[in-house]
Amino acid sequence: MPRYFLLLSLACVLLGVSAASDLRAAGVSSTVITVPSVSVVTERDYRWYSNIDALTPTAALADENVSTTVPTAGTVLRLRANIGAETLPLNTGTTFSLQYANSTSGPWTTLSTSTNWIFADDPGVADGQIIVTTVLSASDVGESYSESNPTAASPNAVIAGQEGEWDWVMQNNTATTSAPWFFRMIYSSGTALDAYTNYPMLSAIAVSTSTATTTPGGGGGSGGGTYAGGGGFPLPPFHIETEKPPPTPCDSPIVERVDLSGDCRIDMVDLSILMYYYHRTGPEIAEYDFNENNSVDLFDVSVMMYYWTG
Amino acid sequence: MKTFLKIGFVISAATAVFLTYPAHAIAAGATIFLENEPKTPVEGREFVVRVYASSDQPLNGYELAVSFEPNKLELLRTDTARSIIDIWPKQPLVYASGDVRWSGASIEPFVGDRGELFALHLRALPGASTTTIGIRRETALYLANGKGTKITPQAQELSMTFVPAAGGEEPGSVDVPLQSLDNAPPVISFFALEQDPITPGQKLLSFQTSDSESGIANIEARARSWFLWGGWWPTRNPDALPSGVWEAELRITDHAGNVAQAIIYDWRTAGAKGGIMFLVIVLIVWIARAVLVRMRQHG
């Protein structure tokens, strides 16, 4: 008899444990898989403008997201382009660079001082000036005007779902007008944005494969570069040769090394730039790290102050 | 009708002026203003005018031009004790016309209200009952955005009226006894003696000092290339020294007389010079020993 009690008790205990474990299994415990939120940053709208020595361009060359033709060498253009943030805001302090290519698949080149497209200077507008008036219809917040790569650290955050607008002033240095040109903004670190809805585009000027109407034994001819009429032999590939602007080195190599703004002076603009990179490290600070100790520190500030020209 | 035309003309003119005004000159949200301490300065006594900045964008560069009436005020000294500015490339320029120009940079970008830039310690000259201190149009601020974008802040001048000194009071007595409260020596937060990376053949003595009470009054340095110290000389950051210097000393005095000192070595130069000095000593000992031996042999 006691055996039956023992077996019954054991069965009850086993049943209880089992029930308890079932309860636990059916309880509130759960596994949470966290997926980090990713900010999707997209270059969206653009519009080309004639350049003006003012912060807000006024003379549009085409509608929004519509290309205009490649201007001749030496022409300065303004490009207003916006970037949209999704999921997460685009924080202040972000910097971007401008690139160009003949195709959206690249290869992309970052604008510098001797590339096909270079930056220009509007003396009445300071590089990095904060945009007061946006011109693109979907833009929500003004960012900065840029005469050089990279942009100024973005002064305003772009809230998720909104678009921030940047302004670029660029010049055709040696870019052919017979090919299309595409532009894009990337992070100044060299990383492309997550997506591009529209690449700002300049269309090639159509070159007709026509022949010169020649008058036997007469003047004119094909050598003058004016082509008209149809039929006949094809033209040679269109090619523009323009003289590169002469470099304008500073008088002193010392000034050239310490001058960070490129105006051949060592003044408050340079000190402000240097202070922006203060205590930063890495390859991007090489220009500012005068003593090459891989950090922008007070000694670098002292070097600038020693060579101060004001 | 005429009234409407006038209003229309005024609005058009104002719009035209606004649109033609250089874009960089418009800086919404940045202001430079002045405050005096005490609020009612006494004629003939020292008072302080503090220069402040407020900005909704981060700033790290400050180019300041303040003007006072030199026929009414005497500038006693400038003061950076409470300044948000850490780096002053040059000493302030004080012109006989009453202009004070100074520029500097802050390590931490400044955003917010009432960031003190510097202070002027002034005294009203006899007969001055009112005066105005202005901010000149050369004043500019620089955005901490990596481009050094120059902006022109809105400026607010300061007008003040002096109350006559009470009978029997000694003219010129100090109303703002900052110095007597300061018992702390200046702080030397950075001190370096390194090869100039731009110009070979010289070193740069580089330092960062501050005194949050009475302010820095005097900075001196001395150095030695061999055994003996050179004399003290007044210095400022940075200072160029010959590349042979292996030890330098800094002596900072604040306006209350507190002193801070620091010594720095260039161990590479010290090692090289120590080796040379050791060889010289060995050579001298060897010659002396040889002379002694020869004297004994002959003696």
Side-chain angles (χ1 to χ4, degrees), chain A residues 53-56 58 92-93 95 122-130 132 144-148 150-156 188 253-255 257-258 260-261 266-279 289-293 297-308 310, chain B residues 19-29 56-64 86-90 93 101 103-109 111 140-152 189-199 202 204-208 236-240:
Chain A
D53 189 11
L55 187 58
T56 308
T58 51
T92 57
T95 52
D122 284 324
V125 191
D127 192 7
Q129 186 82 28
I130 300 165
V132 178
S144 65
Y145 161 91
S146 205
E147 296 178 345
S148 59
T151 61
S154 57
N156 297 309
S188 60
I254 291 173
V255 172
R257 172 67 186 95
V258 185
L260 302 176
S261 62
I266 300 165
D267 56 11
M268 277 306 303
V269 177
D270 304 297
L271 186 56
S272 174
I273 294 171
L274 188 68
M275 299 313 291
Y276 178 77
Y277 291 97
Y278 188 78
H279 269 177
D289 178 20
F290 301 125
N291 63 344
E292 297 176 0
N293 66 346
D297 53 20
L298 275 170
F299 190 78
D300 299 305
V301 175
S302 294
V303 170
M304 175 169 282
M305 286 163 64
Y306 185 74
Y307 293 103
W308 193 260
Chain B
L19 289 176
T20 52
Y21 203 56
H24 68 270
I26 300 167
D56 59 2
Q57 289 291 326
L59 307 171
N60 68 1
Y62 314 85
E63 213 159 47
L64 309 161
D86 308 287
I87 312 290
W88 300 93
K90 294 284 178 190
L93 290 171
R101 296 187 187 198
S103 58
S106 55
I107 291 172
E108 290 297 324
V111 185
L141 302 171
Y142 294 81
L143 296 180
N145 62 4
K147 294 218 169 194
T149 304
K150 185 178 184 177
I151 62 170
T152 303
S189 51
F190 175 77
F191 193 19
L193 177 64
E194 283 188 38
Q195 194 66 43
D196 182 345
I198 308 294
T199 305
Q202 69 177 18
L204 291 180
L205 187 69
S206 171
F207 51 89
Q208 171 79 359
R236 57 188 309 280
N237 178 49
D239 203 347

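What you see is a predicted model; the values in this text were computed from it and never measured.
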query = Of all of A:Glu147, A:Arg257, A:Met268, which one pairs up most often with chain B through heavy atoms under 4.5 Å apart?
reply = A:Met268
message = Please classify the contact between A:Leu260 and chain B as side chain, backbone, both or neither, with a heavy-atom cut-off of under 4.5 Å.
response = neither
query = Would you say the side chain of B:Ile151 lies within less than 4.5 Å of the side chain of B:Leu59, judging by non-hydrogen atoms?
reply = yes
message = Out of B:Leu205, B:Asn237, B:Asp239, B:Asp86, return the one with the most heavy atom pairs under 4.5 angstrom to chain A.
response = B:Asn237
query = If you measure from CD on B:Glu194 to CG on A:Asn291, what distance do you get to the nearest 0.5 Å?
reply = 5.0 Å
note = Residue from B:Ser189, B:Pro58, B:Gly104 scoring the most non-hydrogen pairs under 4.5 Å with chain A is B:Gly104
request  = Report the option among A:Pro155, A:Ala153, A:Ala152, A:Ser261 that has the most heavy-atom pairs separated by less than 4.5 Å from atoms of chain B.
outcome  = A:Ala152
request  = Report the option among A:Val258, A:Ile254, A:Asn156 that has the most heavy-atom pairs separated by less than 4.5 Å from atoms of chain B.
outcome  = A:Ile254
key: Which of B:Gly146, B:Ser103, B:Ala144, B:Pro109 touches chain A most, by non-hydrogen pairs under 4.5 Å   = B:Gly146
Close side-chain approach of A:Phe299 and B:Leu193, heavy atoms under 4.5 Å = no
Under 4.5 Å from any heavy atom of chain B - which part of A:Thr95 = neither
request  = State, with a plain yes or no, whether a side-chain heavy atom of A:Val303 is found less than 4.5 Å away from one of A:Val301.
outcome  = no
request  = Counting only heavy atoms closer than 4.5 Å, note whether B:Glu108 contacts chain A via side chain, backbone, both or neither.
outcome  = neither
key: Within-4.5 Å side-chain heavy-atom neighbours: A:Leu271 and A:Met304   = yes
message = Is A:Glu292 close to chain B through its backbone or its side chain, or both, or neither, when contacts mean heavy atoms under 4.5 Å?
response = neither
request  = Supply the atom-to-atom distance A:Tyr277 OH to A:Asp300 CG, rounded to the nearest 0.5 angstrom.
outcome  = 14.0 Å
